[in-house]
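Okay, so here's the structure we're looking at.
Here, residue 1 is the first one in the sequence, and each next residue gets the next number. Note that ligands are numbered from 1 as they come in the structure, with each ligand's atoms numbered from 1 the same way.
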Amino acid sequence: MKYSHLFAKTNKMAPADADSTNARLLIQGGFVNQLAAGIYTFLPLGLRVLNKIKAIVREEMNMVGGQEVLMPALIPKAPWETTKRWDSIDVLYKLTGAGDKEFALGPTHEEVVTPLVQAFVKSYKDLPCSAYQIQDKFRNEARAKSGLLRGREFSMKDMYSFHRSEADLETYYDTVAEQYTHLFNRMGLDAIKTEASGGVFSKYSHEYQVVTPYGEDLIYVCDKCRWAVNREIAEVKNGDICPKCDGKIIETKAIEVGNIFKLSTRFADDFGFTVTLEDGTQGKVWMGCYGIGMSRLMGSIVEVSHDERGIIWPKSVAPFAVHVVSIGSKDVAVHERVQQSATDLYDQLTRAGVEVLWDDRVGVSAGEKFADADLLGMPLRLVVSEKSLAQSSIEWKERASTESKLVTLTDIVSYVETFAR
Ligand code: ATP
Ligand code: MG
């Protein structure tokens, strides 16, 4: 894509009300635009990141046998009454439609997925099964804040699994727990599996916590074995000896990017969802649920991966792998040579399947283009200039490094292909 075609440009000024690094950098870079507190548009660059995050999550959920569905976000009142959650979920957005019918905008989907699966699954032979979706969720958060970290409309992946026994649920829960670590690692995030209160259904649920100063949670982590617990339920404190090994417990702020729960038979019981067993009797259905905040993930990546100049996207989620910067000149012949080389490079890379953003603007200084490239944070910057062309080369600089080097015009495409792979 050519930068000159992108309608959503970078801003020189940070938004006055940006209360966190991700809000500031994502708004300044033209990745997102705020409509109201906790409500954002994903602009072309930001949507590319969100879609890459979604693609990784899809792959990982498919690996644990999840089947993708898309449930409605507009949910009638009746199932919320069945589970007695119409009045107990404080963040529920309620609305009244035609004929005075009442609805909620889904903050979570147990009320939809349980009767949905019940309609198809009749026998123990149909279990286990697991369905997930990636969808916008709505929560009337008292304080939407910290950019994408706490929104009122936000993208979530929610998966629900169904089992004939508690033991089967436990096995599957552990499988998903392990896959989650893999999933977050692929996005450059070290998410700590943290014990949290399990509510009424089980002793613990698990949160996946990313350490950042803007995190709203306080967790205690062992500096040796990485056992971790959320402060809300913790029986340890800063400086204690780890209950699992001889390491030391450290208190730190963190943000929850995912959460997995054993729901036990709570929702299946509410809907009278049972299955026929081998002996013809009816057996209970055990459920687990597994959430990931997709837009919160995007904000979290920025929180942990940036410097004073801007974002440093991990390759796996960067909107483009390469940011080509062409540096113009007042000398017409030089200008045309640079323009031609940059066009060739852009065409060759694009043909090779590399995702390239080319800052093709004319009349914008090199300094300004470099500042924008640093702010936008593509993993690799390639500079085409009179100076580099004098050595039949392109300047290569990775966003995460301070060094640059020259790569010859002959080698550049294959080098980039290897880098972007
Ligand atoms: P939190 O404790 O942060 O309020 P939660 O425990 O209510 O979140 P879940 O209901 O488990 O969250 O939702 C699954 C995931 O969705 C969370 O792990 C989090 O990553 C994300 N999430 C929850 N609320 C928000 C929000 N308001 N904005 C963005 N992401 C959110
Ligand atoms: Mg939570």
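Residue G291 has no nitrogen or oxygen atom sitting less than 3.5 Å from a nitrogen or oxygen atom of ligand 1, judged on distance alone. Taking any N or O of R139, backbone or side chain, at least one lies under 3.5 Å from an N or O belonging to ligand 1. For the pair G151 and ligand 1, the shortest N or O to N or O distance falls below 3.5 Å. Looking at V257 next to ligand 1, an N or O pair under 3.5 Å apart turns up.
Using a 4.0 Å cut-off to heavy atoms of N259, the atoms of ligand 1 that qualify are 6 (O), 11 (O), 18 (O). Those atoms of ligand 1 with a heavy atom of M156 less than 4.0 angstrom away are 13 (O), 14 (C), 16 (O). Atoms of ligand 1 found under 4.0 Å from any heavy atom of G293 (numbered from 1 in listed order, with element): 15 (C), 16 (O), 20 (O), 21 (C). Near E141, the atoms of ligand 1 lying under 4.0 angstrom from a non-hydrogen atom of the residue are 24 (N), 26 (C), 27 (N).
Contacts with ligand 1 closer than 4.0 Å are made by side-chain heavy atoms of R296 only, the backbone lying farther away.
Panel note: side chain E395, backbone V383; no donor-acceptor pair is recorded below 3.5 Å. Looking only at distances, a side-chain donor or acceptor of R399 sits under 3.5 Å from a matching main-chain atom of I311.
Within the 4.0 Å heavy-atom shell around ligand 1 one does not find L297.
When R150, E216, R143, E232 are checked for heavy-atom proximity to atom 1 (P) of ligand 1, R150 turns out nearest. Atom 18 (O) of ligand 1 has its nearest heavy-atom neighbour, among E256, M298, K145, in E256.
Nearest heavy atoms, S316 versus M187: OG-CA, 3.7 Å.
For the pair K145 and Y214, the cation does not sit on the ring face, since its NZ or CZ is not both under 6.0 Å from the ring centre and inside 45° of the axis. Geometric assessment of K262 against the ring of Y204 yields a negative cation-pi assignment under the 6.0 Å and 45° thresholds.
A salt bridge is absent between R143 and D19: the closest approach of a Lys/Arg side-chain nitrogen to an acidic carboxylate oxygen does not fall below 4.0 angstrom. We find that K52 and E355 are joined by a salt bridge, their nearest charged nitrogen and carboxylate oxygen being less than 4.0 Å apart.
Using a 4.5 Å cut-off on side-chain heavy atoms (C-beta onward), N259 and H206 make no contact.
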